[in-house]
Amino acid sequence: MLGERFMKNFDERVWNLIRKIPKGKITTYKEIAKALNTKAYRAVGQALKRNPNPISTPCHRVVCSDGKLGGYGGRSKKGVDKKSKLLRKEGVEIKKGKINLEKFMRRFD
DNA sequence: TATTTGACCAAGA
DNA sequence: ATCTTGGCCAAAT
């Protein structure tokens, strides 16, 4: 994308994508990497952890490819619980700690 | 410059 | 269903 040309670094591209996820939808670390034409799944997680602005960047909408939540605010149980709550409040169903990806995934085609 | 560190992923000795 | 392993890549140390 031409718009991407002016992006500074990897982290910022990740944050920008996340801001596009609407309430009630989620995406995975892998999908983000794919959208950026890279295989840096892990680096995506790191980027979220380094998220400078949790207010404008809804990092709770990013989960693992197997439907499990992944981490939030360091990978404490408490953080994940919070992530779970936020998602439910937005309408995302979570059964047995997992999300139905088919149903809630936001794709970046 | 080199090594270490992850909020990951997929396959399975 | 859970755990281990090797691979992956950018940032931090």
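Just so it is clear: chains get the letters A, B, ... in the order the sequence lines come, proteins before strands, and each one is counted from 1.
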Counting only side-chain heavy atoms from C-beta out, which of [options] sits nearest to [X]?
{"X": "A:Lys39", "options": "C:dA12, B:dA7, C:dC9", "result": "C:dC9"}
{"X": "A:Ser65", "options": "B:dC9, B:dA7, C:dA11", "result": "B:dC9"}
{"X": "A:Leu48", "options": "B:dA7, C:dC9, C:dA11", "result": "B:dA7"}
{"X": "A:Ala40", "options": "C:dA10, B:dG6, B:dC8", "result": "C:dA10"}

Spacing between [X] atom [atom1] and [N] atom [atom2], to the nearest angstrom:
{"X": "A:Leu87", "N": "B:dA7", "atom1": "CG", "atom2": "C1'", "answer": "13 Å"}
{"X": "A:Ile99", "N": "B:dA7", "atom1": "CD1", "atom2": "C1'", "answer": "13 Å"}
{"X": "A:Arg13", "N": "C:dC9", "atom1": "CZ", "atom2": "C1'", "answer": "12 Å"}
{"X": "A:Leu101", "N": "B:dC8", "atom1": "CG", "atom2": "C1'", "answer": "14 Å"}
{"X": "A:Lys96", "N": "C:dA1", "atom1": "NZ", "atom2": "P", "answer": "8 Å"}
{"X": "A:Asn51", "N": "B:dG6", "atom1": "CG", "atom2": "P", "answer": "18 Å"}
{"X": "A:Arg61", "N": "B:dA7", "atom1": "CZ", "atom2": "P", "answer": "21 Å"}
{"X": "A:Asp66", "N": "B:dA10", "atom1": "CG", "atom2": "P", "answer": "9 Å"}

Using a heavy-atom cut-off of 4.0 Å across all strands, would you classify [X] as base, sugar-phosphate, or nothing?
{"X": "A:Gly79", "answer": "nothing"}
{"X": "A:Ala43", "answer": "base"}
{"X": "A:Phe10", "answer": "sugar-phosphate"}
{"X": "A:Lys49", "answer": "base"}

Query raised in the report: What are the two closest heavy atoms between A:Thr27 and A:Phe108, and how far apart are they?
Result: OG1-CE1, 3.7 Å
Has [X] got a side-chain N or O lying under 4.0 Å from the OP1 or OP2 atom of [N]?
{"X": "A:Thr38", "N": "C:dC9", "value": "no"}
{"X": "A:Gln46", "N": "C:dA12", "value": "no"}
{"X": "A:Arg42", "N": "B:dC8", "value": "no"}

**Report entry** Side-chain donor-acceptor contact under 3.5 Å, A:Asn16 with A:Arg19
**Finding:** yes
Query raised in the report: For the hydrophobic clusters of this structure (ILVMFWY residues joined by side-chain heavy atoms under 4.5 Å, transitively), does one cluster hold both A:Leu48 and A:Ile21?
Result: yes
Query raised in the report: With both distances under 3.5 Å as the test, what is the Watson-Crick or G-U wobble partner of C:dT4?
Result: B:dA11
Query raised in the report: Should A:Asp81 and A:Lys77 count as an ion pair when the cut-off is N to O under 4.0 Å?
Result: yes
Query raised in the report: Does the side chain of A:Glu93 reach to within under 4.5 Å of the side chain of A:Lys95, using non-hydrogen atoms?
Result: yes
